[in-house]
Structure formats: structure tokens, C-alpha cells
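See structure below.
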Amino acid sequence: SAAVTGFPEQQSISGLGSTYRTGELTASDAVGYYLDRIATCDSSGDLPINSIIEVNPDAAKIAARLDREAKKGNWRGPLHGIPILLKDNIDTGDRMQTTAGSIALLGSRAAHDAFIVARLREAGAVILGKANLSEWANFRGRRSISGWSSRGGLTRNPHDRTRTASGSSSGSAAAVAAGFAVAAIGTETDGSITSPANACGIVGLKPTVGSLSRTGIIPIAHSQDTAGPMTRSVEDAALLFAAMRGVDAADAATRASRRYDTTTIALSRDSLHGTRIGVARQLAGAEPKVLSQFERALTILRDQGAVLVEDVDLSACLTTHSTEPTVLLHEFKHDLNRYLAQRAHPRVRSMADLIEFNNKHAEQVLLYFGQERCIEAQACGSLRTTAYREALATNQLTRGAIHDVMTQHGIDAFVTPTGEPAHVIDTLNGDGSFSTIESTSPAAVAGVPHLTVPCGLVGHMPVGLSFFGRAWSEPLLLNLAYGFEQATQAIITPVW
């Protein structure tokens, strides 16, 4: 890079922070390096990665201010001066836009930072820019193309640019894998952090719903939505998760997050020793090469002292295939209408307005796929309807079912393959159904934490290992994944 020669491309939060403290580098150096790398590499070649939708015009100024603080000995903590990207459905009350990738929201800016963004800024993070995403967090059309948005275009996988970065936090995952920032923040309703993390060979944490505030995040559904860190290491995920946590008066679900014991999470290489890990084979799919990697991962878990519990029946946790869409569609209409009314956009203030806008701009917006989910959501009744309340009640049984199985077998956490390798992008037919692996939905519907960590390669593409378990068990899952990560060192850097 022209900005900083010799800058370590795949940098960690603690590693970069240590160079600040020794005076080897400054936050201004890091921001300059990453902005230069984005400008040079993100849009290069015939098949560009295209992960960044907008860079922060104030990033250099913010970094310089943090450097002045550091010179005076005022360190805010481990995130001081660390460049972080945000998915473009997370509000920033600055000169950047927040559009969920849709040209419908161009031209207006959020009035305030999202709660988690305010927490990151307080911790000293530099918001470097916004990452592209699957438009409206992949909940617009039935045959969507993950990583495509009408504003940002198509994000590609940096490991193989003919392949998907998956969705909906596509740009966040691709940017972290490509070394365009130290880390990024994504969001998930069902699979939108964990699936792109799997596809791009990084760590992704979907926390317990309510552990991180959703205020200022463009919603799909409040019963499943959450933000979460996307990083190159488990330690970085733990640091970001701790920094973003906090009780938000505007998001009642965060009150329960007081049950976390500490603000920091201590990680141990020996974390797997003596733990009981449930092998979730019912979720593992049937792809032989993925299953081969999974068996290798299980051997490593055993070698690290974990007791593997086989023959665990998760049938009671897999009963929501028909009810999950009902809940999401009802909440999408309700929650998006509420967000847009508060946003006070001049043209789009409701789901009905959005549908009308998309129809009027079909050549740009509906170029590859439609807006069936928006139309279905608009046709739904209120959250008082019997259909919604019954579906929600069914979904809410999933958390209890997971807890019951874990208690019955004395299990600390489950493991399963996160997903299959990223598939080849198909703009004609969309994503389709490419995987038999069911890793995301049980944890998503139950609102419990799900963490994926790189596991190895299938061919030339990365795949991940998932850990999930009880609500509020992020410290435990991060520790278990850290033990696995330290034993495998399976992070896979794209070859340029």
C-alpha cells in the first residue's frame, strides 16, 4: 500500500493495538492503509469483490483525533483507533448514508447513530465505512441473489470471485476476508452473519436476541434480529461483542442482558477440556466433503479433551419451517413501517411506499428478482392476528426445546457444520436451494447464540464449524470456539 509500507494485511485488534502503544503505527496510519487498500483492490479486475458501499469521509479526521488522545495517554480500551466496517443497514448519524442497499433510501441520512455504533465510537473504534449487503437484508424477493443490492451492485467472494459471498452480511464478510478492515459488524435474522462467515472463511457471531441493541438498525423481525461481530479471530469477536453490549432503554429486550457477569470475556486455550459437546448430526446435511471436514473437527475436539455426545435427537427443535416465515412477514411489515416513520424519509415512509417505489424503478431495483416478500408482508395483518400469535408461540417453543435437550444430556454446547462451500453465482436463477445443512434456523428461531469459526477447506473454498447453545451463553461459546481455533489455526487467507 502507498499509505503504509509493510503494514500487516491480516491484522488483529490486539495486534494492531499493540503497534499503537509502541508507537510503531498510529490509527491514522491504519485508516490510511485500509482506505488505500479499498480504493486499490475492492473494485479491481473483471470480477470485483465490491464489498464496500461507501467509505466514511471523516475517517481520517476521527483517527487523527484518537491519535491525539493516545499521545496524551488517554486510551479508551482495546478498540482505540481500530478501523471497523458496518453493514449498510446500521444507522450512523454522520455524513454516510444508511440504505439497506436500496436506492429507495438514497438521499437521506439517519439522524442518530445506532446504539451499538455509539458504543463502538465510545470504545474508540473508527467507523471506516459501510459494507454492501443483500438488499433489505435478503428479505425482498424469493429468488434473491445474495450480495446484490440496487445501490451497491454485486459483492463477490474474495476466495473465488465467481462464487457468492453469501448473505445478507455479504460485504461485511468479504471485506474482512479480503483485509479491507480489521473487522466488521453484520446483522442476522436467520443465517445472515453465519452463512457469509462460513462462505468467506471468517468468524461470525450471531448473539442471543437482546444481547445487543437493535435501535437504529433497519429491521426484518424483532423476534429474531440481532447485530453481531464478523472477524478473523475469535478473540476479536469477543472484544467487539463486549464493546457493543449495554442496556438500551429503547430496546426492551436488552434488559435481560444484565445477566452477563463481566464486560470482558476471558479466553483459554484449554477451554474444551472436560466439556460435553452435543454432535448435531440432524443439522449436518449430506455433502460428503463437508462431512469429512466435520469428522476431522470432531477428532480435534476429542483431542482437546471434549466429551462428544452422539445420538442427540433435535427433532423438537426443527418444527418451525412453516411458522418462521409467518412470524417474519408479519414483523417485517410492522417493524419496517415503524423504522421508516421514525427515519422521516421524504419519499419512502412505509412498506406500501417501498413497494410502489420499487415498481416505479423496476429496471434498476427488480433487475434480477422481485419483491414477493415485501408484497406478502404488506398483505399481512397486525401483530394481534391469530395467525401471527400462534406462529410466534410455536417458534418460542424452540428455545425451550434446545435447553431441554441440553439439560437432558448434560450438554454445554452443540456443534455442526455451518454450511456448504460457497456456490457459483447465478444471476439468472438466483440462489436457489444449495445446501442440505440446517445449522442456522434452530438458533435463529430460538433467539440463542450461534458462532461459526473456520474449520478447513473443501476444494479451494472455506467451510466453518458452528457452536450453538443456551441463551446468554456467548462467553462459553466464544471460549469453546477459541480452543478449537487455537488447535487448528484454520483461518484461510484469500490468494490474490
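In this text the structure is predicted, and so the values were computed from the model without any measurement.
With S223 as the partner, the side chain to side chain contact (heavy atoms under 4.5 Å, CB included) test is satisfied by one option alone out of L392, D335, T189, V445: L392. Here the rule is side chain to side chain contact (heavy atoms under 4.5 Å, CB included) with W472, and of S257, P207, P449 only S257 fits it. Exactly one of I116, D91, L86 qualifies for a side chain to side chain contact (heavy atoms under 4.5 Å, CB included) with I217. That residue is I116.
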### Task
Applying salt bridge (charged side-chain N to carboxylate O under 4.0 Å, His left out), run through R281 and E295 and close with a yes or a no.
CA-CA 11 Å; R281 293 196 184 275; E295 292 301 331; 2.8 Å; yes

### I355/I375 under side chain to side chain contact (heavy atoms under 4.5 Å, CB included): CA gap, chis, key distance, verdict
CA-CA 7 Å; I355 292 167; I375 294 167; 4.3 Å; yes

### Query
What's the verdict on salt bridge (charged side-chain N to carboxylate O under 4.0 Å, His left out) for R143 and E372, showing C-alpha distance, side-chain angles and the deciding distance?
CA-CA 9 Å; R143 295 174 65 186; E372 296 88 356; over 6 Å; no

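No side-chain heavy atom of L35 sits under 4.5 Å from any side-chain heavy atom of P83. Side chains of I218 and K87 form no contact here, defined as non-hydrogen atoms less than 4.5 Å apart. Side chains of V203 and D236 form no contact here, defined as non-hydrogen atoms less than 4.5 Å apart. With contacts defined as side-chain heavy-atom distances shorter than 4.5 Å, the pair L239/I82 does not qualify. Side chains of I185 and S172 form no contact here, defined as non-hydrogen atoms less than 4.5 Å apart.
Remark: the backbone N or O of A487 is not paired with any side-chain donor or acceptor of Q304 at under 3.5 angstrom.
There is a side-chain donor-acceptor pair under 3.5 Å between N395 and T323. Inspection of the Q364 and S150 side chains reveals no N or O donor paired with an N or O acceptor under 3.5 Å. For the residue pair S233 and E485, no side-chain donor N or O sits within less than 3.5 Å of a side-chain acceptor on the partner. T208 and E474 share a side-chain donor-acceptor pair at under 3.5 Å. Using a 3.5 Å distance cut-off with no hydrogens or angles, the side chains of Q224 and E324 do pair a donor with an acceptor. No hydrogens or angles considered: nothing links the side chains of D251 and T215 as a donor-acceptor pair under 3.5 Å.
We find that D88 and R151 are joined by a salt bridge, their nearest charged nitrogen and carboxylate oxygen being less than 4.0 Å apart.
Note that CG of L120 and CG of L240 are 6.5 Å apart. Values are rounded to the nearest 0.5 Å.
With ring centers used as reference points, W136 lies 6.0 Å or more from F332.
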